[in-house]
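We use all heavy atoms of the structure for the numbers below, so side chains are in, but hydrogens, waters and symmetry mates are not. From a predicted model like this one, the values you see are computed outputs, not experimental measurements.
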Amino acid sequence: QDEDGFQGLEFFTEKVEHYTNILLLPKYYTLERVHQLMLTIKDRNTLWVLWAGFALLAALTALGQTPWLDSLESLSLDWRFMLRGPRPFPQTIAVIGIDEASLDAFGRWPWSRDKHASLLQLLRQPSFRPRAIGYDILFEHPDVSSPESDNLLLQQASAWGEDLFLTYFFEKGAAASVEVQPEKEKFLERLALPASLEIPEKLETMDKVSLPYDALLGLNALGFANNSIDRDGRTRRVRLLARHKGRIYPSFTLVSAMR
């Protein structure tokens, strides 16, 4: 401190670096360490700044545990996308949607499997054939009312092989409606990503799985199609990974992108 009562810039910089290193270098902090830190600081103004910083950090941590902050973040995200504006869709990707016009033309949902087989057959023609297809529809059970339609679907799925991506679904909680099937659970393990030493702690854990029916299982690539739904019922994010019985599984979106 100089004669006029002002701290010099060099002295101030050294103090900031000193206390920053004390706070940031350790991996874990305890109340005892914070207390020891405070005892080493003689300047009252510095103490007030640090205590205010700790109080602000505690308040933000507590606020982060409440849904109010999540709602504010979601609203902010909506506004940021509105300000950014739309971006052109990649020309290398085509989306074939099932809309009202499709239902008017082909009848109410669900459609018979022969319609899906016809679409897959059409897309195999040289003038249409894409590098890969992501078919975001779950064929959980065989169509007992029309085995012929099932056979047509199986033929086309087999012809596409690993270039066709089908979906499955996870469910959470003890009340999950999907019945556990040990054979399919065993097959599911083949879809897991290679083991890693580090697993993200916030990765969502699933309890049960719903896979395609047996005859269709194993013909094509698979990825889960669960959506991430915010508190207000909207989908703003894509879930890329999920945990099930200690293994990590890629989503339908991620599997398609990896192709």
For this session: For Glu100, look at atom CD and say whether over 12 heavy atoms of other residues, nucleotides or ligands are found less than 6.0 Å away.
Result: no
Exercise. For the side chain of Asp114 and the backbone of Glu148, is there at least one donor-acceptor N/O pair under 3.5 Å apart?
Worked result: no
Exercise. Sub-3.5 Å donor-acceptor pair from the side chain of Asn227 to the main-chain atoms of Ile229, do we have one?
Worked result: no
Exercise. Donor-acceptor pair, Lys184 side chain versus Pro212 backbone, under 3.5 Å?
Worked result: yes
Exercise. Does anything in residues 156-166 pair up under salt bridge (Lys or Arg N to Asp or Glu O under 4.0 Å), and if so which pairs, sequence neighbours excluded?
Worked result: Arg129-Asp163, Asp163-Arg259
Exercise. When you look at CH2 of Trp79, are more than 12 heavy atoms from neighbouring residues, nucleotides or ligands closer to it than 6.0 Å?
Worked result: no
Exercise. Around atom CZ of Arg108, are there more than 12 heavy atoms of other residues, nucleotides or ligands at under 6.0 Å?
Worked result: no
Exercise. Is Arg239 salt-bridged to Glu204, going by a charged N under 4.0 Å from an acidic O?
Worked result: yes
Problem set entry | Residue Arg234 excluded, over 12 heavy atoms near CZ under 6.0 Å | no
Problem set entry | Parallel, tilted or perpendicular: rings of Tyr135 and Phe139 (30°, 60°) | parallel
Problem set entry | Main-chain N/O of Gln121 paired to Gln125 side chain as donor or acceptor, under 3.5 Å | yes
Problem set entry | Heavy atoms of other groups near Arg80 CZ, more than 12 under 6.0 Å | yes
For this session: Spell out, as yes or no, whether a donor-acceptor pair under 3.5 Å connects the side chain of Trp160 to the backbone of Leu120.
Result: yes
Exercise. Is Arg236 salt-bridged to Asp230, cutoff N-O under 4.0 Å?
Worked result: yes
Exercise. Got a donor-acceptor contact below 3.5 angstrom from the Asn226 side chain to the Phe170 backbone?
Worked result: yes
